[in-house]
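The sequence lines fix the lettering, A, B, ..., with proteins before strands; numbering per chain opens at 1. When reading the values below, keep in mind they use all heavy atoms of this one structure, side chains included, and skip hydrogens, waters and symmetry mates. Keep in mind that what you see is a predicted model, and the values were worked out from it rather than measured.
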Protein chains: 2
Amino acid sequence: MSVFHPPGSIKAQSHLPGEKLSLELADFYKVFGDFSRIRILFALLDNELYVNELAELLSMSQSAVSHQLRILRQNKLVRVRKDGKTSLYSLDDDHVYRILTEGLEHLSH
Amino acid sequence: MSVFHPPGSIKAQSHLPGEKLSLELADFYKVFGDFSRIRILFALLDNELYVNELAELLSMSQSAVSHQLRILRQNKLVRVRKDGKTSLYSLDDDHVYRILTEGLEHLSH
DNA sequence: TATACATATGTACATATGTACATATGTATA
DNA sequence: TATACATATGTACATATGTACATATGTATA
């Protein structure tokens, strides 16, 4: 996977992403780091769902679901499609799908 | 990326991973969701480093680094190799590398 | 065995964060 | 315009979590 430098060389510095990027990445992963949001993401893995459907499916209050959807929206993990007075949510792009898959693989060793 | 069911069908339930797995996944991603840990992981991306090297490189206290390394160890993101009174840390496996890469890709749209 | 040194860890505390509760916003229908 | 309804959001609060500080643990050398 990568070439190792002799220990002690501290060559890593050159590869370190900037502080700003590291912070953005951490914030990005933080979004995945919550039980409710993970369940919402999995529910949307192959379905477009309404807010109330998500709430019912996951036994969460409508408020809690909306709050988490907001975070998912702001971080571009999900997309909304307005349909009259309802809102249809779906995953935003394939990265989300792949990251979830990688995580599952890691857990199953 | 996936086949959409008509909205309202709530077919998602069948695909939902169990609560236990969802919790484990969330905990796994939570590990990536911290500035200090992300920087440690990037520093180890292509180097095996001592604790004190990490501390110096990232301008963190030895204590803070050790605490975070412990979390990374427990979640199998890094590996330790004892070398006398020092400890050499490296990434545990390729999933870690790939997950970091996916995240970077997502951020750059 | 005594000492120096690298790393690990216990504890306290400040801050971050998820959720409940209440209410605002926006849309369709009469 | 009034009403019903779905969703979004403000706020408070309990809990989770990262770090500083102090100290324990483990190893090499004299």
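- In the set C/dG18, D/dC21, D/dG18, D/dC21 carries the atom at the smallest distance from any side-chain atom of B/S63.
- Using cut-offs of 30° and 60° on the angle between ring planes, the pair B/Y29 and A/Y29 is parallel.
- Rounded to an integer number of Å, the gap from CD of A/E53 to C1' of D/dA6 is 12 Å.
- The CG-P distance, from A/L23 to D/dG18, rounds to 14 Å in whole Å.
- Contact check for A/V78 versus A/S90: no side-chain heavy atoms found under the 4.5 Å cut-off.
- Contact annotation: the side chain of A/E53 never approaches that of A/L57 to less than 4.5 Å [non-hydrogen atoms, C-beta and beyond].
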Can you run through DNA chain D from 5' to 3' and write each base as (, ), [, ], | or . depending on how it pairs? Watson-Crick or G-U wobble, both distances under 3.5 Å.
||||||||||||||||||||||||||||||
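- When rounded to the nearest whole Å, the span between CG of A/L54 and C1' of D/dA6 equals 13 Å.
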Passes side-chain contact (heavy atoms from CB on, under 4.5 Å), A/V65 versus A/L58? Steps please.
CA-CA 9 Å; A/V65 171; A/L58 306 176; 5.7 Å; no
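- Which of D/dA22, C/dT19, C/dT11 sits closest to the side chain of B/H67 comes down to C/dT11.
- Looking only at side-chain heavy atoms (C-beta outward), A/R37 and A/L72 come within less than 4.5 Å of each other.
- For the pair B/L41 and B/L45, the minimum side-chain heavy-atom distance is 4.5 Å or more.
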Please tabulate the protein-to-nucleotide N/O contacts below 3.5 Å involving nucleotides 23-26 of chain C, giving atom names and distances.
none

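- Heavy atoms of A/S66 sit under 4.0 angstrom from at least one base atom.
- Residues A/A64 and B/N52 each lie close to DNA chain C; by heavy-atom proximity, the contact nearer the 5' end of the strand is made by B/N52.
- Considering only heavy atoms from C-beta on, A/L54 stays 4.5 Å or farther from A/M60 through its side chain.
- Regarding A/R39, its CZ atom lies at a distance of 14 Å from the C1' atom of C/dT19, rounded to whole Å.
- The CG atom of B/L49 sits 16 Å away from the P atom of C/dA6 (whole-angstrom rounding).
- Each of A/D83 and A/S36 has a nearest nucleotide on DNA chain C; the 5'-most of these lies closest to A/S36.
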Mind listing the side-chain donor-acceptor pairs of residues 21-28 of chain A below 3.5 Å, one per line with the distance, residues two or more places apart or on another chain?
unit_1	atom_1	unit_2	atom_2	d
A/S22	OG	A/G18	O	3.1
A/E24	OE2	A/K20	NZ	3.3

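- Atom CZ in A/F32 sits roughly 14 Å away from atom P in C/dG18 (whole-Å rounding).
- Applying side chain to side chain donor-acceptor pair (under 3.5 Å) to A/Y89 and the options A/R81, A/E48, A/R79, A/R73 leaves one that passes, A/R73.
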